[in-house]
Amino acid sequence: MREELLEILSKNRPQLVENIDPEHGILNDLLAQNVFTRRQAKTIEVMPDPFRQVEAILDNLRRRPDEDFDKFCNILCKHRQDEVVEKYLKPLKSASSEIDDDEKHSTGCKSQELTSESIIQVRKSSREFYDKFKQSAYPMCNQFRGKCIIFNVETVRGMTRREGTERDLQNLRSLFTTLHFCVDAFTDPTAKDITDKMQKITRDPGLEQDQCLVLFLLSHGRVVTTMTRHGVTSIEHIYGSDGLPVKTEDILEPITNARCPAMRGKPKLVFFQACREIFKVGSLETDAIATDAICATVATTISSSSSSLYAISAASASLSQPPISLKDFVVGYSTESGYLSYREVQSGSWYIDAIVRVFSEFAHEMDLCAMLRKVNGIVAEQWPTGSAIDNSLRQVATHTDSLTKPYLFFFPGIVTER
């Protein structure tokens, strides 16, 4: 399927999931017209939730040729769902102006619109480059590589609004759509929305055909360090829009090889855009710089010195000693444990901006870990807009990997399986 149609399905996915009625013979028609196999249709048919049925239909449709997109539209019109086709499946130049800003994702999260100004251009791999490295790299050649799920928490109850995160979401959506992923974005999910979605991933039948899973979490959070008679424990949390925390291990654990067999041996890429301030419980002492008071002081200083063009995100990101096996994972963090993570109100966070810039320029010839090292270098050289250079405001991104193959290339532009 050509990129224009893939982008339509990605951009309007929340509205399609919300508005398409999968009953009344649609699956039978998709089967009869050879859009789906009998096995695919049966798998979707037994799903108890109509929202999940539509998600599975869209996931399978992305792997089909252009003519099957047209068949899908005609089938919807046949079943009196022509309004859905008119509003959400038309070419981008006419459909984009008709998206209702108040449309909701099936989980109750707001959708985000991809504007023409935000489309990220990605250099494509050559066929010679692909042939040279395909045997030593993770498979990444399907027209639909897999899912990119983004949890974007802009407003957290009781905390400062994360201004600028909308730009991060917009840029990530565009980048990973261009890298052949189906982007599923959730804006302002609650803690329960996040955990429910992570549990739901393990039951997704479409994962069997996916080659990779990408996950971004953009929110407030902290590291809770506790001193007990048994020793010191540190648990990282990320916050939902309701102000309730989610342990990062509860985000990672559902997609491990043990819990998600469909992704066994396939790369799982998880990125946290967040501060990792340390919150002390008990009598434990720490030299970490990011207490609540210091966060507030730095926020005030930056705001006054950069004409309110700057904001700080407070959120968490890692497992220093994970109790779960993270084989075939890459986990990226916007900052080191105990330190702040910065975000420009106008241009988004340093970390996400660096990822988008590096991936779009180098994904055609550089493997993931090499690109992340380049991201680390870019972030380390940043400082707040309008402020004098101050090493105390530096940020150092970091990542860990447990990949089992020499390389992970995205191979943009290379499609050998449809």
Side-chain angles (χ1 to χ4, degrees), residues 3 7 10 112 114-126 129 140 145 148-150 152 162-181 183 185 212 214-218 267 269-275 306 309-313 315 317 330-336 340-387 389 393-399 401 407-414:
E3 289 187 5
E7 190 171 343
S10 292
Q112 295 291 319
L114 184 65
T115 62
S116 58
E117 292 83 0
S118 69
I119 296 176
I120 304 297
Q121 301 297 322
V122 177
R123 298 178 66 180
K124 296 182 179 181
S125 298
S126 67
F129 181 83
M140 204 74 71
R145 310 300 205 233
C148 173
I149 299 170
I150 306 171
N152 176 43
R162 301 183 59 256
E163 295 184 80
T165 191
E166 184 176 345
R167 175 57 63 90
D168 288 341
L169 173 59
Q170 192 176 62
N171 287 342
L172 288 173
R173 184 197 296 275
S174 180
L175 172 67
F176 279 89
T177 297
T178 308
L179 289 174
H180 309 281
F181 285 81
V183 179
C212 182
V214 180
L215 179 65
F216 280 89
L217 294 105
L218 323 173
L269 318 179
V270 186
F271 301 93
F272 295 90
Q273 164 51 43
C275 293
S306 57
L309 290 176
Y310 199 81
I312 290 179
S313 161
V330 173
V331 185
Y333 317 113
S334 60
T335 191
E336 297 174 291
L340 299 176
S341 182
Y342 299 108
R343 174 172 28 84
E344 302 281 354
V345 172
Q346 299 298 325
S347 58
S349 65
W350 293 355
Y351 183 56
I352 300 301
D353 179 65
I355 285 177
V356 172
R357 287 163 53 193
V358 171
F359 284 25
S360 61
E361 184 174 355
F362 296 103
H364 71 293
E365 63 179 7
M366 189 176 290
D367 89 295
L368 175 65
C369 292
M371 288 195 293
L372 289 178
R373 288 191 291 272
K374 197 173 272 290
V375 167
N376 294 350
I378 291 175
V379 172
E381 295 301 315
Q382 300 262 19
W383 61 86
T385 298
S387 300
I389 299 177
L393 300 180
R394 294 291 193 188
Q395 175 181 332
V396 179
T398 183
H399 66 274
D401 85 83
Y407 302 105
L408 194 163
F409 292 103
F410 287 112
F411 294 126
I414 298 295

**OP:** Could you walk me through whether Glu163 and Gln346 pass the side-chain contact (heavy atoms from CB on, under 4.5 Å) test, one step at a time?
**Re:** CA-CA 8 Å; Glu163 295 184 80; Gln346 299 298 325; over 6 Å; no
**OP:** Run the numbers on Phe359 and Leu368 for side-chain contact (heavy atoms from CB on, under 4.5 Å), then give the verdict.
**Re:** CA-CA 8 Å; Phe359 284 25; Leu368 175 65; 3.5 Å; yes
Subject >> CA sep, side-chain torsions, deciding dist, call: Arg145, Val214, side-chain contact (heavy atoms from CB on, under 4.5 Å) >> reply: CA-CA 10 Å; Arg145 310 300 205 233; Val214 180; over 6 Å; no
**OP:** Show your working on side-chain contact (heavy atoms from CB on, under 4.5 Å) between Ile352 and Arg343 and close with a plain yes or no.
**Re:** CA-CA 9 Å; Ile352 300 301; Arg343 174 172 28 84; over 6 Å; no
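Put simply, the side chain of Ser341 reaches to within 4.5 Å of the side chain of Gln273, judged on heavy atoms. By the 4.5 Å heavy-atom criterion applied to side chains, Leu408 and Leu269 are counted as neighbours. Looking only at side-chain heavy atoms (C-beta outward), Glu344 and Gln382 stay at 4.5 Å or farther from each other. The side-chain heavy atoms of Val183 and Leu175, taken from C-beta on, include no pair separated by under 4.5 Å. Counting only heavy atoms from C-beta outward, the side chains of Phe176 and Phe410 approach each other to under 4.5 Å. Inter-residue side-chain proximity for Phe181 and Cys212 is flagged as met; some heavy-atom pair is nearer than 4.5 Å. Considering only heavy atoms from C-beta on, His399 comes within 4.5 Å of Asn376 through its side chain.
Of the inter-residue distances, the one linking Asp353 atom CG with Asn171 atom CG reads 7.0 Å to the nearest 0.5 angstrom. Within the model, atoms CZ of Arg357 and CD1 of Ile378 stand 4.5 Å from one another, a figure rounded to the nearest 0.5 Å. Rounding to the nearest 0.5 angstrom, the gap separating the CD1 atom in Ile149 from the CZ atom in Phe216 is 12.0 Å. Rounding to the nearest 0.5 Å gives a distance of 11.0 Å between CH2 of Trp350 and OG of Ser334. Taking CZ from Phe411 and NE2 from His364, the interatomic distance works out to 12.5 Å, rounded to the nearest 0.5 Å. Interatomic distance, OG of Ser349 versus CD1 of Ile355, reported as 8.0 Å (0.5 Å rounding).
Remark: Tyr407 OH is loosely packed, at most 12 non-hydrogen atoms of other residues, nucleotides or ligands lying under 6.0 Å away.
Residues Pro267 and Met140 approach most closely at CG-CE, 4.3 Å, considering heavy atoms. Here the closest heavy-atom approach between residue Ile150 and residue Arg173 is recorded as CD1-N, 4.2 Å. In plain terms, the two heavy atoms of Met371 and Phe362 that are nearest each other are SD-C, 3.9 Å. Across every non-hydrogen atom of Thr398 and Thr335, the tightest pair is CG2-O, 3.9 Å. Heavy-atom minimum distance, Ile414 versus Ser126: CD1-O, 4.0 Å.
For His180 (side chain) and Thr177 (main-chain N/O), no donor-acceptor pair under 3.5 Å exists by modelled atom type. Using a distance-only test at 3.5 Å, with no hydrogens or angles considered, a donor-acceptor pair links the side chain of Thr178 to the main chain of Ser174.
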